[in-house]
Structures are given as C-alpha cells and as structure tokens.
Amino acid sequence: MNSTKALHICIMGGGTAGWMAACLLGKRWPQHRITVIESPEIGIIGVGEGSTPQLRAFFETLGVAETEWMPACNATYKAGISFHGWSNKPGFESYFHPFQTELDHHTVPHFYFHTRARRTGRDVWAHPDRFFLSSQLAKLKLAPIPNENFPFDLGYGYHFDANLVGAYLRGYATGKLNVNHIARTVVEVQLDANGQVAALQLEDGEAVTADFFVDCSGFRSTIMQQALGERFLSFSDNLFNDSAVAMPTPNDPEGITCQTKATALSAGWAWHIPLTNRAGNGYVYSSQYISADQAETELRQHLGMLESDVEARHLKMKVGRVANSWVANCLAVGLSQGFIEPLEATALHIVQATVEGFADAFEAGGFSDVNRDEFNRSIGARYDGIRDYIVAHYRLNTRGDGEYWRANANHDNLSDSLKALMTCWFKGGELDVEVQRQGISKYYAPLSWHCLFAGYGTFPDQNMLFPAEPELPLADMGRIDDFIRRCCLNFPSLTDAMAELN
C-alpha cells in the first residue's frame, strides 16, 4: 500500500469469503489493522464444496501446507468435473473437463486438430476424455499427486466442507495474522456527508469506524447494495437457475474419486462431491420450471433416498453481479458482490481474484478514480467471461427433452463474445485462435472451450462424415492411450494419498 499511514480495514461478514479476504489482506499488509465483524446469528451459505486450482495458490500464499488444512476440513483432491446427461449424442453422453497439467502439450495439439477435422466432416476420434491424463486419473480413482520421481506438476483443486474452511481460516487469521474478530451483529451502516462509509453500528450501540470497508455480508449486500445503492446486474435472462436443494450421503463404499460429478436432471443439474467423511449432493434448478418440493423429490430419487429421513437444505440464489465491486471506500467480496451458479466452482476463485486485484490497484494508486475504474472494469469482465462459459453449458445442450432444456437451447440472450466463439466452432475455425483474439483465455483457456464443445458432441451427424484422407496428420490414438496409461503408473490411489495427509 502506497501510504505510510497505518490504516484500519473492517470486513463485515465472516464465512469463507470474509476470512479469505482477511487472510489475504493480513498476509500482504501486516502493517495495517484488520477487523472482521461476524454475526454469530448468520450461517454460512456454503452452496459449493469444490474449488478451482487457484485455491491451491491461495494456501501456498499463506504458507499453509495441505497436511495442515485438508484433514481439518474433510478435504479431498479434485482433478476436474465430469458431466453426465447434458448431451444425447451417441458416444457423447458424458465427458470430463480436466484441470490443466504440464503434460498436456503432448496431447492437446492432437485434440485440437482432431476436433477441427471432425468439425470439417472427417470421421476421426474427437471425444476429449482419451486426450487428458486428468480424465484417466479420475476414472482410475487415482490422486493428482505424482510420485517424487515424476517431475511434472498437475493442476488440481479441492473438495471440502465450506463451513470447516471458514472456521479454519478464522483461526489462522486471528492466531497467525493478528486479525481482530468481533462476534456481533451489524444493525446499521453509517455514511458521511460525502457518501463514504463512516462506521458500522453494532447491536449494543458501539460504532466501528475504519478507513476502508469490505462487504462480505452475503446476498444481503448490506453495505454495497443496501447502504451505497450500487446497482445489481442480474444474469437471469440467460442463467435460469435460482434455487438449490442439498443433502449429504455416505461415500461410495468402493472408494472415492477426484472429480465433481454434474448430472443433468429435469430442470437443472445435480452435483456429487466426495469428502473424506461423506458425499455432498445437491440439485441446482430453476424455480420457474419446478417447485422446491418437486426438486427435493427428484434429488432424493436421483440419490436413491426416497425413503430416507435425512434432512434436505433449501437455498435461494441471486445470480448476477454488482455494476462496480469497489465503490467509495468499500469493496464488495463474495456473495455481496455477485454469484454465478456453482457449475464450475468459481465462487472462491472470484473472491481471490477480487481481493488480490484490489490490493494491486490500491498499492499502485491508493483511492484514485483511475485505478478504481480500471479495477472495476477488470472484475466486471471476469464475471462476464465466466458467465459466458457457464451459459454455453446450457445453450449447447442437446437433450431436447423438457421445457427447461429446450428453453436453454433456444434462447438468444448471448454476448457477442459467446456468439463469436460458437460461430467459429460451427464454421470449422480455429477456436484457440478466436479465444486468444478476444483476450478471454485468462477466464477460460482454449482447452476448456474445446472440451465443452467437443464433449457435447457438437459435430456433424455421423451419416455426414467421410473417412479422413491418408495424408491428414492425425494422432495415433493407441500411442496417446499408452502414453497416458504409463503416466498413470506414477500416481497413487486417492485413498492412499488421503491417508498420507493424516
């Protein structure tokens, strides 16, 4: 931070977002005072229990080893997401979206070439799963943690209990970073004559003043939207899901795997996330197409738990974002800032990007309008880029059954960016070049876009394909299979890897 003055930063709200913000700021700015006001009466939403690989970087930034936090949070490793039932194309009823690895450069060029050959009518193998090591690790129930003699790094995320992660980070922030914790409820946000946040008034009448405030108050967005009146931009015109119902189940007795499963249901999709002590399950759906009771019944039927007395938890989601995440002397983080449904587990990724981006901007120019405007533009673009990728999952579905799926496949509320990507793909263009041209690879890399389009089987119908000409330099799929098989020999079972953490 460019100021030599010791500043006070007050975070309203705990949970995973609030304590992540406290840890990142406390670690980066030990010279400044940080306070978290967390109401003991308000629970953590915790819709998702998965992450992207960026959470690994978060704990590395803090200097916290996996052996320290993962057992405390019932966490397991995640190599990617498998999608089931989003397409009815023969051979493409499911696919795996892998996190990237250092070995992908051996196979990704072949994958890209094959998908383009298939899009231009050649009868070649173009399903993504055979091209990626992470896909096979998940299939074989291996951990994405190589043996010491295998000197290649794999990108991976985690599955975890969100409530336990919040509690762990609270202990770390207060114990290691000297973050002050006030366990009371905010009843009023006080603004000064210039529209800046002056203080947060607590239930006992005390007013907590600060130089800067971070709003982590959840969907209520108490400071940013309620007090400062920042406009909320809804994504409901192209992301229909607004509700969820969740319930736990025992883990698979045959062993867990390092993947989140996303299975299409009648009006949304169900997640399955393996933790060390249980599996997390839920149904993300649109209340326009199914009631809460019907969704719970469908989830129970999907899980084989119609006769179970395990309680289900119902949640409402507010999908969209604020127009600006940094307004006056307040930064919105987490659900108070926005939310894109948990299909790709991006919530904590955005928290991390927001806090680190704010810190960079503040260090560069303090409260200057130029830095604030550029930061807001950047974060807004990140939200919109992630939204487009999520929208594509629904818009490209080929199920053809039910009003919900037909409405998703037929609407035209698409950004120019997504329209250009779809046009490039269906006209046989080079999708990786288009992603780079748009400058959106920092949100989702070309690999992710290729896996989505190809995983759904969005190719010419089988009866329209012709054999690839002999001179076409196609990959030897047998050699790729053997390369990935031999790589897998260097990875332990997920069960063994989890045992090593304890």
Side-chain angles (χ1 to χ4, degrees), residues 79-140 152 154-155 259 389 392-393 395-398 418 420-438 440-441 444-488:
I81 307 171
S82 61
F83 292 85
H84 304 264
W86 294 69
S87 169
N88 64 4
K89 294 287 185 72
F92 295 89
E93 294 88 353
S94 68
Y95 79 96
F96 187 85
H97 175 203
F99 293 139
Q100 292 182 279
T101 78
E102 289 184 349
L103 292 162
D104 289 341
H105 69 274
H106 290 285
T107 57
V108 165
H110 299 298
F111 175 49
Y112 290 178
F113 191 86
H114 275 225
T115 61
R116 194 175 185 201
R118 184 72 175 257
R119 284 183 285 134
T120 51
R122 279 82 162 181
D123 188 6
V124 302
W125 186 268
H127 192 290
D129 287 6
R130 285 175 69 184
F131 290 91
F132 296 100
L133 172 60
S134 294
S135 303
Q136 291 304 305
L137 294 178
K139 181 179 180 180
L140 298 173
F152 301 97
L154 275 67
Q259 64 180 319
Y389 188 66
H393 287 71
R395 182 61 173 78
L396 295 168
N397 90 83
T398 61
L418 181 53
L421 291 168
M422 292 172 62
T423 298
C424 177
W425 177 269
F426 288 110
K427 288 190 173 183
E430 296 185 50
L431 189 62
D432 54 328
V433 174
E434 177 62 22
V435 171
Q436 298 296 343
R437 183 192 71 78
Q438 292 190 26
I440 57 174
S441 61
Y444 282 96
L447 180 153
S448 294
W449 285 103
H450 276 85
C451 283
L452 171 57
F453 281 96
Y456 277 17
T458 54
F459 301 113
D461 292 338
Q462 193 69 30
N463 59 7
M464 299 176 63
L465 300 178
F466 57 89
E469 51 271 32
E471 65 272 15
L472 197 67
L474 295 174
D476 183 334
M477 293 306 300
R479 291 189 63 182
I480 289 179
D481 290 340
D482 186 61
F483 171 73
I484 291 178
R485 179 191 65 82
R486 292 163 69 186
C487 286
C488 286

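No experiment lies behind these values; they were computed from the predicted model shown.
Note: H114 and F131 meet the aromatic proximity criterion, with ring centroids under 6.0 Å apart. Ring to ring, F96 and F83 are not that close: their centroids are 6.0 angstrom or more apart.
Taking the side chain as every heavy atom from C-beta outward, L431 and P446 never approach each other to under 4.5 Å. Side-chain contact between E93 and N88: absent, with no pair of heavy atoms (C-beta onward) separated by less than 4.5 Å. In this structure, F466 and D123 have side chains that are not in contact, with every pair of non-hydrogen atoms separated by 4.5 Å or more. Counting only heavy atoms from C-beta outward, the side chains of S94 and S82 never approach each other to under 4.5 Å. Residues F113 and V124 are not in side-chain contact: their nearest non-hydrogen atoms beyond the backbone lie 4.5 Å or more apart. The closest side-chain heavy-atom distance from H106 to F483 is below 4.5 Å.
Judged as a side-chain contact (heavy atoms from CB on, under 4.5 Å), and not counting sequence neighbours, the contacts of Y389 are H97, E344, H393, Y444, S448, W449, L452. Judged as a salt bridge (Lys or Arg N to Asp or Glu O under 4.0 Å), and not counting sequence neighbours, the contacts of E430 are R116.
Note that OG of S134 is 9.0 Å distant from CD1 of I484, once rounded to the nearest 0.5 Å. The line from SG of C451 to NE2 of H127 is 9.5 Å long, rounded to the nearest 0.5 Å. Rounding to the nearest 0.5 Å gives a distance of 8.0 Å between NZ of K139 and CG of D129. The CG atom of D104 sits 8.0 Å away from the CG atom of L133 when rounded to the nearest 0.5 Å. Between the CZ atom of F453 and the OH atom of Y95 there is a distance of 10.5 Å, given to the nearest 0.5 Å. Of the inter-residue distances, the one linking H105 atom NE2 with Q100 atom CD reads 12.5 Å to the nearest 0.5 angstrom.
Of the possible polar contacts, one joining the W425 side chain to the T458 backbone as a donor-acceptor pair under 3.5 Å is found. Here the side chain of R122 pairs no donor or acceptor atom with the backbone of L465 at under 3.5 angstrom. Not a single donor-acceptor pair under 3.5 Å links the side chain of Q438 to the backbone N or O of Q436. Side chain of D461 to main chain of M464: no donor-acceptor pair is present (N/O by atom type, distance under 3.5 Å, no hydrogens or angles).
Closest non-hydrogen pair, C424 versus E434, comes out as SG-CB, 3.8 Å. A pairwise comparison of heavy atoms in Q136 and C488 identifies CB-SG, 3.8 Å as the closest pair. Contact between G155 and F99 at its shortest, heavy atoms only, is O-CB, 3.3 Å. When all heavy atoms of L418 and A392 are compared, the closest pair comes out as CD1-CB, 4.0 Å. Y456 and T398 make their closest contact through O-OG1, 4.4 Å (heavy atoms, listed as atom of the first residue, atom of the second, distance).
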Should I480 and H110 be marked as a side chain to side chain contact (heavy atoms under 4.5 Å, CB included) after you check the CA-CA gap, both sets of side-chain angles, and the distance that decides it? CA-CA 9 Å; I480 289 179; H110 299 298; 4.1 Å; yes
Are L396 and M422 close enough, and set up right, to give a side chain to side chain contact (heavy atoms under 4.5 Å, CB included), and what steps lead you there? CA-CA 9 Å; L396 295 168; M422 292 172 62; 4.0 Å; yes
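Annotation: cation-pi pair R118/F459 present, NZ/CZ under 6.0 Å from the ring centroid and within 45° of its normal.
Electrostatic pairing of D482 and R485 counts as a salt bridge here, judged by a charged N lying under 4.0 Å from a carboxylate O.
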